[in-house]
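Notes to accompany the following structure.
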Amino acid sequence: MEIRIKKSDGVSETGDVFVVGVYQDKTTFASSTFSKKMDDFLGGLLTQIAKEESFRGKANQVLWARSNDAVRSKRVLLIGLGKKDECTLETIRQASATALCAIKQTTTKSVACLLFGDGLDVRERAHAMIEGIRLADYGFGRYKKEKKAHIKTFDLLVEDGRDLLAAKKGMELAEQFVKGTLFVRDLVNTPGLHMAPQHLVDEAKLIAKNNKEIKVKVFDEEKLKKMGAGGILCVSQGSDHPSFLVHMTYTPATKAKKRIALVGKGVTFDSGGLSLKPADYMMTMKCDMAGAADVLGVFAVIAKIAPKVEVHGIFATVENMPSSKAIRPGDVIEIMNKKTVEVLNTDAEGRLILADALVYATRQKPDAIIDLATLTGACVVALGEEISGVMSNTPALANAILTAAASAGEKMWELPLEKNYRKLIQGDIGDIKNIGGRYGGALTAGLFLQEFVDKTPWAHLDIAGPAFAERDINAYERKGATGHGVRTLLKYLLSF
Ligand code: BES
Ligand code: ZN
Ligand code: ZN
């Protein structure tokens, strides 16, 4: 599907479907300024239909109408935007996605749609609409024999020619945000059968090959042994697939303002190891490399969006399997910084591989480290399936991430790194243990990671809930991988 930005009032568009966003109004449909204008164009038709069908313009309400030659498109689709003073970029994103889903039920080839959300910034409106449309259009097609018909063109109409440039700028950036997000969705949706650590390494190499601004270093098991990366190696020892630590570097064209390290958990399948997961919990554990996928998603588009910061993308990737070679509950291992860990539960493997990756990241002397990991079920218990937990040793960094998340439309919430809970992971025979008590599991996991970043400003994003949707969340985040995290990171990197 090609999305284009055009100057047009919409009335003379000749495509299959003409989409109009409509604000909700307390009294009558027609008295909302925007819809009144459309109403005039359509000769009162819409008012009449809307009345008959009790369409009130509530957020995401849809109404199909025949255009009856009042406009030249074959059909008109009204989309509710809710109350005008409550209309946000997220409303626009959702309404655009809802429109696309409704249109996809038909055999439509061409769509024209007036830009939603007048009053808001044009660039942001275009950006939000393109995200809504493209993310809603996504489907993971790799294993589907039957391919669906496609909408060919989607024209976004700008009524005022002076807005054209801003809308086009919004579109350019949005297309990159979408590309990064969909790249992550494809990786995370790919099952363990076709997504071993080597595949993530190959993706990193391919990205570096295609972008002269990006370099990549790959540490295989032989090198990891020399480096003393006991966390990565102990998790991977039960699997037939070798593990890796990957380090990508993006260098901006002009002098970098900051150096940022992004660190991802890349467990391509988490069976739990000898502390085997119950079948129901294992079913979706191909998603356990979503953190690493987010790092790759950022690097897939970073050269195009060209932030003014040096970015280090680091991920550890392993498969967590039980076998006679697997690490046993009770074993003690040593992380790259020589701290020893009692591995009491082999299913708490993410923090082990991240420990090495964080030590490595810290040695790059970055101004900030952000790690992303599908780390704990406890975080999902705390915040539900749609919200990530953010833990940080630096309030300003946490705030910057929360701000970026809010503007990207990704839900995140801060959780505390409570010092008094540190005792819960105090080791008996080693320095620390890899599980805390029965409660506060997201926080003890965060405290565990903190042991490996020294004083570097660092934030940990536990994306266990939102990375992979077990049911549809909204019109643009359907069951399956969501790509959650990438857009927040991109917004954050562009904030410098
Ligand atoms: N990969 C899981 C966490 C997870 C749970 C991700 C649900 C996505 C959805 C992680 O490795 C894990 O198993 N954590 C354990 C830790 C426990 C053993 C301390 C958990 O959360 O149960
Ligand atoms: Zn696990
Ligand atoms: Zn895991």
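We count ligands from 1, going down the list as the structure has it; atoms in each ligand are counted the same way.
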query = What protein heavy atom sits nearest atom 14 (N) of ligand 1, and how far away is it?
reply = L375 O, 3.5 Å
inquiry  = Less than 3.5 Å apart, any donor N or O on the side chain of E131 or H127 sitting next to an acceptor on the other?
reply    = yes
task = Identify which one of L449, L461, L415 satisfies the side-chain contact (heavy atoms from CB on, under 4.5 Å) criterion when paired with M391.
result = L415
key: Test item: K104 and K148 side chains (from C-beta on) under 4.5 Å apart, heavy atoms   = no
ask   = Heavy-atom distance under 4.5 Å between the side chains of K226 and E222, does that happen here?
value = yes
query = How close does the nearest protein non-hydrogen atom get to atom 2 (C) of ligand 1, and which residue and atom is it?
reply = D270 OD2, 3.6 Å
inquiry  = Give me the atom names and distance for the closest heavy-atom approach of S243 to L233.
reply    = OG-CD2, 4.2 Å
Which of the ligand 1 atoms, numbered from 1, are nearer than 4.0 Å to a heavy atom of T374 = 1 (N), 2 (C), 3 (C), 6 (C)
key: Min heavy-atom dist E385 to ligand 1 below 4.0 Å   = no
query = For the ring pair Y143 and H194, is the centre-to-centre distance below 6.0 Å?
reply = yes
Validation: residues 274-287 side-chain donor-acceptor distances under 3.5 Å, sequence neighbours left out:
{"unit_1": "S275", "atom_1": "OG", "unit_2": "N345", "atom_2": "OD1", "d": "3.3"}
{"unit_1": "S275", "atom_1": "OG", "unit_2": "T346", "atom_2": "N", "d": "2.9"}
{"unit_1": "S275", "atom_1": "OG", "unit_2": "T346", "atom_2": "OG1", "d": "3.1"}
{"unit_1": "K277", "atom_1": "NZ", "unit_2": "D347", "atom_2": "OD1", "d": "3.2"}
{"unit_1": "K277", "atom_1": "NZ", "unit_2": "D347", "atom_2": "OD2", "d": "2.9"}
{"unit_1": "K286", "atom_1": "NZ", "unit_2": "N189", "atom_2": "O", "d": "2.7"}

query = Of the listed options (R438, M289, E470, M285), which comes nearest to atom 7 (C) of ligand 1 when hydrogens are ignored and any heavy atom counts?
reply = M285
note = Numbered in order shown, the ligand 1 atoms found under 4.0 Å of a heavy atom of G377 are 3 (C), 5 (C), 20 (C), 21 (O)
task = Please report the number of protein N, O or S atoms that lie less than 2.8 Å from the Zn ion (ligand 2).
result = 4
inquiry  = When you compare the side chain of V298 with that of L490, does any pair of heavy atoms fall below 4.5 Å?
reply    = yes
request  = Evaluate the side-chain proximity of E334 to T340: yes if any heavy-atom separation is below 4.5 Å, no if none is.
outcome  = yes
request  = Would you mind checking which non-hydrogen protein atom is closest to atom 16 (C) of ligand 1, with the distance to 0.1 Å?
outcome  = R351 NH2, 3.9 Å
message = List ligand 1 atoms under 4.0 Å from I435, heavy atoms only on the residue side.
response = 19 (C)
request  = Pick whichever of E349, K265, K277 has a heavy atom sitting closest to atom 13 (O) of ligand 1.
outcome  = K277
Heavy-atom nearest neighbour in the protein, as seen from atom 12 (C) of ligand 1, with distance rounded to 0.1 Å = D347 O, 3.2 Å
query = Below 4.5 Å, heavy atoms only, C-beta onward: do W413 and K411 meet side chain to side chain?
reply = no
query = In terms of the angle between their ring planes, are F452 and F448 parallel, tilted or perpendicular, with boundaries placed at 30° and 60°?
reply = tilted
Pairwise side-chain contact, I260 with F496, heavy-atom cut-off 4.5 Å (strictly under) = yes
message = Does any N or O of ligand 1 fall below 3.5 Å from an N or O anywhere on D288, backbone included?
response = yes
task = Could you list which atoms of ligand 1 come closer than 4.0 Å to a heavy atom of N345?
result = 18 (C)
